[in-house]
Each structure stands twice: as C-alpha cells, then as structure tokens.
Amino acid sequence: MDKEILNNYNNILNSINEIKKEYNINHEILLLPVSKTKSYEDMKILKDNNINLFGENYVQELVSKYEIDYELNFH
C-alpha cells in the first residue's frame with residue numbers, strides 16, 4: 001500500500017503534465033491530495049516525498065492528524 005499511494009499521486013501528476021504540454025498550458029497547476037478518511041501513516045508517505053499540503057473535509061480529522069505532526073499543512 002505504501003508505494004501505491006505515491007504511485008497514484010505521481011501518475012495523476014504525470015497526466016496533468018502531459019495535458020499541460022499537449023495544450024501548451026504554462027501556468028502552474030497544484031495537485032492537492034485529500035486526506036479525508038486516510039490515516040496519518042498514509043499521509044506521511046507523501047510527506048516523506050516532499051508533498052505536505054492536504055485537503056481535509058472534517059475538522060475533527062484535521063485536528064487529530066495535526067496533533068500528530070505539526071508540520072502538516074491543510075487547505
């Protein structure tokens with residue numbers, strides 16, 4: 001499961017970059033992983049690969065994850 005999360009992220013990012021190239025899109029596009037229902041361990045896989053901004057729907061989940069790791073950033 002560890003590599004699957006990172007592989008999925010990278011596959012989506014690669015698809016975005018291919019579309020940008022195909023349509024000559026020059027502005028930055030941010031891929032925001034959503035941490036809703038995901039464990040801190042799943043998020044840490046991305047964080048360990050310099051991905052540290054997450055979308056979170058539920059304040060309770062955000063607080064519990066943030067209390068584990070104050071370096072996490074949420075939108």
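In what follows, every heavy atom counts, from backbone to side chain, and hydrogens, waters and symmetry copies are set aside.
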### Query
Quick one: does Asn11's side chain have a donor or acceptor within less than 3.5 Å of a partner on Asn7's backbone?
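Yes, Asn11 side chain to Asn7 backbone: donor-acceptor pair under 3.5 Å.
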With rounding to the nearest 0.5 Å, note down the distance linking [atom1] in [X] to [atom2] in [Y].
X	Y	atom1	atom2	result
Asn8	Leu13	CG	CG	12.5 Å
Thr37	Asn57	OG1	CG	9.5 Å
Ile19	Ile16	CD1	CD1	7.5 Å
Glu56	Asn73	CD	CG	13.5 Å
Ile5	Ser39	CD1	OG	7.0 Å

For [X] versus [Y], what's the shortest heavy-atom pair and its separation?
X	Y	value
Lys20	Glu28	NZ-CA, 4.2 Å
Lys65	Met43	CD-SD, 3.3 Å
Glu61	Ser35	OE1-O, 4.0 Å
Lys47	Leu72	CD-CD2, 3.9 Å
Pro33	Leu53	CD-O, 3.3 Å
Asn49	Ile45	ND2-O, 2.8 Å

Under 4.5 Å between side-chain heavy atoms, counting indirect links through other Ile/Leu/Val/Met/Phe/Trp/Tyr residues: same cluster for [X] and [Y] or not?
X	Y	result
Leu62	Leu32	no
Leu30	Ile12	no
Val34	Ile51	no

### Residues Lys44 and Asp69 bridged, charged N to O under 4.0 Å
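No salt bridge links Lys44 with Asp69.
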### Task
Please work out whether the ring planes of Phe74 and Phe54 are parallel, tilted or perpendicular, with thresholds of 30° and 60°.
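Tilted: the ring planes of Phe74 and Phe54 meet at 30° to 60°.
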